[in-house]
2 protein chains.
Amino acid sequence: MKLSANEEYGLRCLVRIGYAGEGGSLTIPEMSQAEGVSPAYAAKILRVLRRGGFVKAARGKDGGYTLARPAEAIVIGDVMDVLGGRIFESSFCDSHAGQAPICTRSVDCSVRSLWRAVQVAVDQVLSKATLRDLLQNEEEMNTWVRTIPGAKGLHFIQ
Amino acid sequence: MKLSANEEYGLRCLVRIGYAGEGGSLTIPEMSQAEGVSPAYAAKILRVLRRGGFVKAARGKDGGYTLARPAEAIVIGDVMDVLGGRIFESSFCDSHAGQAPICTRSVDCSVRSLWRAVQVAVDQVLSKATLRDLLQNEEEMNTWVRTIPGAKGLHFIQ
DNA sequence: GCTAATCTGTACTTTATAGTCAAGATTACT
DNA sequence: AGTAATCTTGACTATAAAGTACAGATTAGC
């Protein structure tokens with residue numbers, strides 16, 4: 001069970017846009033450079049975020065991306081669903097049953113019930129977290145890094 | 001965040017082998033047919049499970065796969081790690097930092113701390129569950145399906 | 001209106017995952 | 001020893017995900 005590149009970079013870009021604050025905006029070249037990915041790829045990811053309704057784009061000179069809503073109204077779980085889909089739907093009978101008529105068979109149901117439990121556990125984390133939480137975390141981190149000498153390479157682990 | 005095909009079919013095959021019970025064994029053709037995948041693909045998946053130390057293979061006539069340990073000693077989290085890797089390792093700075101020197105930067109750390117929280121939540125489910133739990137679940141399900149008329153297509157949702 | 005900075009969309013290439021194939025090795029049974 | 005059933009391996013093909021390229025559309029400022 002891995003994170004897709006979309007999920008990783010998509011969320012990072014969203015955090016950066018959120019960090020730009022109300023009225024602030026970020027351009028594709030800026031995010032591209034900050035994340036170390038190509039502008040074309042950043043554009044592709046931002047398109048997903050825009051279609052998902054999380055960011056708004058302004059074209060032309062002085063354009064860029066801003067949050068479509070206040071950070072506290074953006075639930076990370078929703079963002080992740082749009083960027084990478086859900087754990088569970090990819091393993092329903094229809095997609096992984098092969099030719100066997102096994103939806104009513106017990107092996108499927110015990111495995112599916114496990115997947116569902118995993119999905120619930122993930123949702124409990126991701127549906128409680130809003131973008132605001134990540135931004136605050138970030139501010140804490142800035143302080144953290146500033147106050148601790150030699151903090152280079154330090155990772156914030158809750 | 002999705003399940004890989006390896007995770008889905010690997011765990012299903014393991015459940016089937018476990019269901020065969022102590023001393024019982026299953027062959028590749030049997031699992032292939034039960035899961036509706038090709039024998040070659042089943043073989044590939046079983047190789048992963050064998051190298052992970054979860055099943056033992058017996059070659060030759062009357063051969064097949066059996067559990068390498070009692071079902072209660074097989075932790076599903078370990079199986080999933082072998083079949084599909086972990087959420088977190090794929091998103092460390094080294095793999096997704098691009099060219100930017102950002103391990104100490106706050107965006108990374110807030111996102112990584114979120115991934116870590118997700119991983120912890122998943123682990124809480126998967127490290128508590130053993131293969132035995134899935135097998136018991138299966139027996140319950142058999143009863144469930146037998147006792148309820150028209151249960152075809154019914155899904156066991158805890 | 002012209003220019004520069006920006007987003008948009010489609011189509012393309014590359015890489016990773018999923019899935020197949022065929023030849024070889026092992027074992028039980030006769 | 002011979003045969004049939006089984007696992008083992010490595011190389012192959014197909015499909016999906018990741019990442020790129022480029023021409024087009026929009027806007028601000030002059």
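The model shown is predicted, which means the values in this text are computed figures rather than measured ones. Throughout, a chain's letter reflects where its sequence line sits, starting with A, and its residues are numbered from 1.
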Within the modelled atom types, does a donor on one side and an acceptor on the other bring the side chain of A:Lys44 and the base of D:dG19 under 3.5 Å apart?
yes
The residue, A:Asn6 or A:Asp62, whose nearest nucleotide of DNA chain D is more 5′ is A:Asn6
C:dT6 P sits how many Å from A:Arg50 CZ, rounded?
17 Å
Sugar-phosphate, base or nothing in reach of A:Pro39, heavy atoms under 4.0 Å:
nothing
Within the structure, does a side-chain N or O atom of B:Ser38 lie under 4.0 Å from either OP1 or OP2 of C:dT20?
yes
Does A:Arg51 put a side-chain nitrogen or oxygen below 4.0 Å from OP1 or OP2 of C:dG9?
yes
Rounding to an integer number of Å, can you tell me how far B:Tyr65 OH sits from C:dT27 P?
14 Å
Nearest whole Å is fine: how far is C:dA18 P from B:Tyr41 OH?
6 Å
Rounding to a whole Å, what distance do you find between A:Leu26:CG and C:dT6:C1'?
13 Å
Starting the side chain at C-beta, find the nucleotide from D:dA18, C:dA25, C:dT8 nearest to B:Arg59.
C:dA25
Shortest non-hydrogen pair, A:Trp115 vs B:Glu8, comes out as NE1-OE1, 2.9 Å
A:Ile45 has an atom CD1; how far is it from atom C1' of C:dC7, in whole Å?
15 Å
5'-most by nearest nucleotide on DNA chain C - A:Lys61 or B:Ala40
A:Lys61
Taking the side chain as every heavy atom from C-beta outward, state whether B:Val118 and A:Leu3 have any atom pair closer than 4.5 Å.
no
Between D:dA4 atom P and B:Ile28 atom CD1, what is the distance in whole Å?
20 Å
B:Asp133/B:Lys128 under salt bridge (Lys or Arg N to Asp or Glu O under 4.0 Å): CA gap, chis, key distance, verdict
CA-CA 9 Å; B:Asp133 299 323; B:Lys128 269 191 306 210; over 6 Å; no
Check each of B:Leu67, B:Leu49, B:Thr66 against B:Lys56 using the side-chain contact (heavy atoms from CB on, under 4.5 Å) test, and report the only one that passes.
B:Thr66
Nearest-angstrom distance from the residue atom CZ of A:Arg47 to C1' of D:dT20
12 Å
Which nucleotide in the list C:dG19, D:dG19, D:dT8 gets nearest to the side chain of B:Ala43?
D:dT8
Interatomic distance where CG belongs to A:Leu83 and P belongs to D:dA18 [whole Å]
11 Å
Could you check B:Arg16 against B:Glu30 for side chain to side chain contact (heavy atoms under 4.5 Å, CB included), going step by step and ending with a plain yes or no?
CA-CA 10 Å; B:Arg16 284 187 190 278; B:Glu30 283 166 343; over 6 Å; no
Which nucleotide in D:dG19, C:dT17, C:dT8 has an atom nearest any side-chain atom of A:Tyr9
D:dG19
